[in-house]
Amino acid sequence: MFSLSFSGSGSATIGADVSPIIPDTEDKFIMVVVPTYNEAENLPSLLKVLFGLGLNLRVLIVDDNSPDGTGQLAAQLAVDDYPGKLEVLKRPGKMGLGSAYITGFKHALSRGASFIVEMDADFSHDPKILKEFARVIKKADVTVGSRYVAGGSIDERWKLIRRIISKGGSIYARAVLRLKVHDTTAGFKMFRAEVLRKLPLEKVRSNGYAFQVEMAYLCQKYGFKVVEVPIHFNDRELGKSKMSAKIALEAAWRVWQIKFRY
């Protein structure tokens with residue numbers, strides 16, 4: 001049965017378990033999948049933080065032929081700074097967020113990852129939260145970095161229209177699809193590998209923010225235990241946001257496609 005685990009304040013319970021995080025063994029590692037398009041300014045700093053967390057993780061960059069050379073930079077960093085820890089998949093062009101993640105998920109599974117993370121490259125998702133995810137996932141199938149549970153928040157620099165689109169989009173998707181997860185468009189998640197093996201990834205058609213809604217729907221439909229972890233969502237400091245009215249509108253009508261596809 002799908003479940004959300006919360007403490008009395010409404011936020012996910014993450015402090016009670018004092019056992020180790022994920023065992024630091026080669027056969028039980030985390031693969032962090034990071035799609036990129038023009039993220040050369042953020043990538044070196046992101047990798048430094050990720051590999052400094054003390055977790056047994058590897059990083060997979062899925063680059064859509066970024067004009068700013070993100071793919072080339074990632075490939076160089078993989079050789080010079082992070083051999084055996086950083087992998088790069090270069091795609092011929094901008095093919096969409098959803099397909100980037102599906103490609104990354106399949107690659108991570110082929111590499112034998114036990115836990116697979118999806119996250120942005122622009123520090124809107126605080127990499128340090130992965131330590132919380134790694135604790136929570138021991139009693140869950142999926143962890144979701146949520147802005148819309150108690151303890152979650154959004155950067156105060158967000159304009160009102162963006163807040164309305166984000167929050168309204170989650171309310172809309174929850175109503176249409178009867179979702180129990182509060183942050184339906186959350187793009188910061190950790191999956192057990194078994195979850196992604198069981199989900200029909202070949203049927204996923206959504207790109208953009210609708211991809212996150214479709215994955216949330218599938219996790220619920222297949223009965224996986226999902227726990228929302230409250231996060232603060234930061235606005236990017238460097239680079240340009242990919243959010244647009246077109247992406248928001250696409251997500252709105254794709255919710256109905258998701259409803260009738262499965």
Take Leu89 and His107 through the side-chain contact (heavy atoms from CB on, under 4.5 Å) test and state the conclusion after the steps.
CA-CA 9 Å; Leu89 293 180; His107 184 83; 4.0 Å; yes
Partner of Ile231 by side-chain contact (heavy atoms from CB on, under 4.5 Å), out of Val149, Val144, Ile129, Ile154
Ile129
Interatomic spacing from CD in Glu194 to CG in Asp141 - rounded to 0.5 Å:
7.5 Å
Checking Glu228 side chain against Gly145 main chain: does a donor-acceptor pair fall under 3.5 Å?
no
Between Asp64 and Arg91, does any NZ, NE, NH1 or NH2 come within less than 4.0 Å of an OD or OE carboxylate oxygen?
yes
Over all heavy atoms of both residues, which pair between Phe105 and Met215 is shortest? Give the atoms and the distance, please.
CE1-CE, 4.0 Å
So, Ser99 side chain and Gly96 main chain: donor-acceptor pair closer than 3.5 Å or not?
yes
Pick one: which of Glu214, Arg254, Gln257 meets side-chain hydrogen bond (donor to acceptor under 3.5 Å, both in side chains) with Ser206?
Glu214
Under 4.5 Å between any side-chain heavy atoms of Glu87 and Met31, yes or no?
yes
Would you indicate whether the side-chain heavy atoms of Val213 and Val255 approach each other to under 4.5 Å?
yes
For Ser66, is there any backbone N or O sitting under 3.5 Å from a side-chain donor or acceptor partner on Asn38?
no
Distance from Tyr37 atom OH to Thr70 atom OG1, nearest 0.5 Å?
9.5 Å
Would you confirm whether Gln76, through its side chain, and Asp81, through its main-chain N or O, come within 3.5 Å as a donor-acceptor pair?
no
Would you say that Pro230 contacts Tyr148 through its side chain, given a criterion of any heavy-atom pair below 4.5 Å between the two side chains?
no
Is the NZ atom of Lys259 crowded by more than 12 outside heavy atoms at less than 6.0 Å?
yes
Roughly how far, to the nearest 0.5 Å, is OG1 of Thr143 from CZ of Arg135?
12.5 Å
Do the side chains of Met190 and Ile116 get nearer than 4.5 Å, heavy atoms only?
no
Look at the side-chain heavy atoms of Ile, Leu, Val, Met, Phe, Trp and Tyr, link any pair under 4.5 Å apart, and say whether Leu53 and Leu43 land in one connected group.
yes
Residue pair Lys85 / Val59, side-chain heavy-atom distance below 4.5 Å
no
Minimum heavy-atom distance His232-Ser153, with the two atoms named
ND1-OG, 2.6 Å
Grab the two heavy atoms, one from Val142 and one from Cys219, that are nearest each other, plus how far apart they are.
CG2-SG, 4.0 Å
Could you go through the side-chain contact (heavy atoms from CB on, under 4.5 Å) check for Tyr101 and Gln212 one step at a time?
CA-CA 10 Å; Tyr101 273 128; Gln212 306 298 355; 3.9 Å; yes
I'd like to know whether Phe191 forms a side-chain contact (heavy atoms from CB on, under 4.5 Å) with Glu118, so could you lay out the CA-CA distance, the side-chain angles of the two residues, the decisive distance to 0.1 Å, and finally the verdict.
CA-CA 9 Å; Phe191 302 89; Glu118 60 167 82; 3.6 Å; yes
Check each of Leu47, Asn42, Leu46 against Val34 using the side-chain contact (heavy atoms from CB on, under 4.5 Å) test, and report the only one that passes.
Leu46
State plainly whether one hydrophobic cluster holds both Leu130 and Phe51, where clusters connect Ile, Leu, Val, Met, Phe, Trp and Tyr through side-chain heavy atoms under 4.5 angstrom apart.
yes
Do His125 and Phe188 have ring centroids that are under 6.0 Å from one another?
yes
Can you tell me how far apart CG (Leu199) and NZ (Lys221) are? Round to the nearest 0.5 Å.
11.5 Å
Atom pair OG/OH of Ser166 and Tyr209 - distance to nearest 0.5 Å
8.5 Å
Group every Ile, Leu, Val, Met, Phe, Trp and Tyr by side-chain heavy-atom contacts under 4.5 Å, then state whether Phe211 and Trp256 land in the same group.
yes
Has Asp120 got a side-chain atom pairing as donor or acceptor with Asp122's backbone, closer than 3.5 angstrom?
no
Identify the two heavy atoms, one from Pro35 and one from Ala100, that lie closest to each other, and give their separation to 0.1 Å.
CB-CB, 3.9 Å
With side chains defined as the heavy atoms from C-beta onward, is the minimum distance between Asn65 and Pro92 less than 4.5 Å?
no
Please evaluate residues Arg147 and Asp183 with respect to the criterion salt bridge (charged side-chain N to carboxylate O under 4.0 Å, His left out), reporting the C-alpha separation (whole Å), side-chain torsions for both, the decisive distance (0.1 Å), and the verdict.
CA-CA 6 Å; Arg147 298 161 289 184; Asp183 196 340; 2.7 Å; yes
Pair Thr36, Asp63 - check side chain to side chain donor-acceptor pair (under 3.5 Å), show working.
CA-CA 5 Å; Thr36 57; Asp63 186 70; 2.7 Å; yes
Cluster link Ile171 to Leu177, ILVMFWY, side chain under 4.5 Å:
no
Please give me the minimum heavy-atom distance between Val204 and Leu218, naming the atom from each residue.
CG2-CD1, 3.8 Å
Under 6.0 Å from the six-membered ring centre of Phe115 and within 45° of its axis: does the NZ or CZ of Arg192 meet both?
no
Would you say the side chain of Val32 lies within less than 4.5 Å of the side chain of Met119, judging by non-hydrogen atoms?
yes
With a sphere of 6.0 Å drawn around NZ of Lys90, does it hold more than 12 non-hydrogen atoms of other residues, nucleotides or ligands?
yes
Compare every heavy atom of Val227 with every heavy atom of Ala140, then report the nearest pair and how far apart it is.
CB-CG2, 3.6 Å
Do Leu196 and Tyr262 belong to the same hydrophobic cluster, where Ile, Leu, Val, Met, Phe, Trp and Tyr are linked whenever their side-chain heavy atoms lie under 4.5 Å apart, directly or via other members?
yes
Show your reasoning for whether side-chain contact (heavy atoms from CB on, under 4.5 Å) applies to Ile30 and Ser114.
CA-CA 6 Å; Ile30 303 166; Ser114 296; over 6 Å; no
Out of curiosity, Tyr217 OH to Ile258 CD1, how far, rounded to the nearest 0.5 Å?
9.0 Å
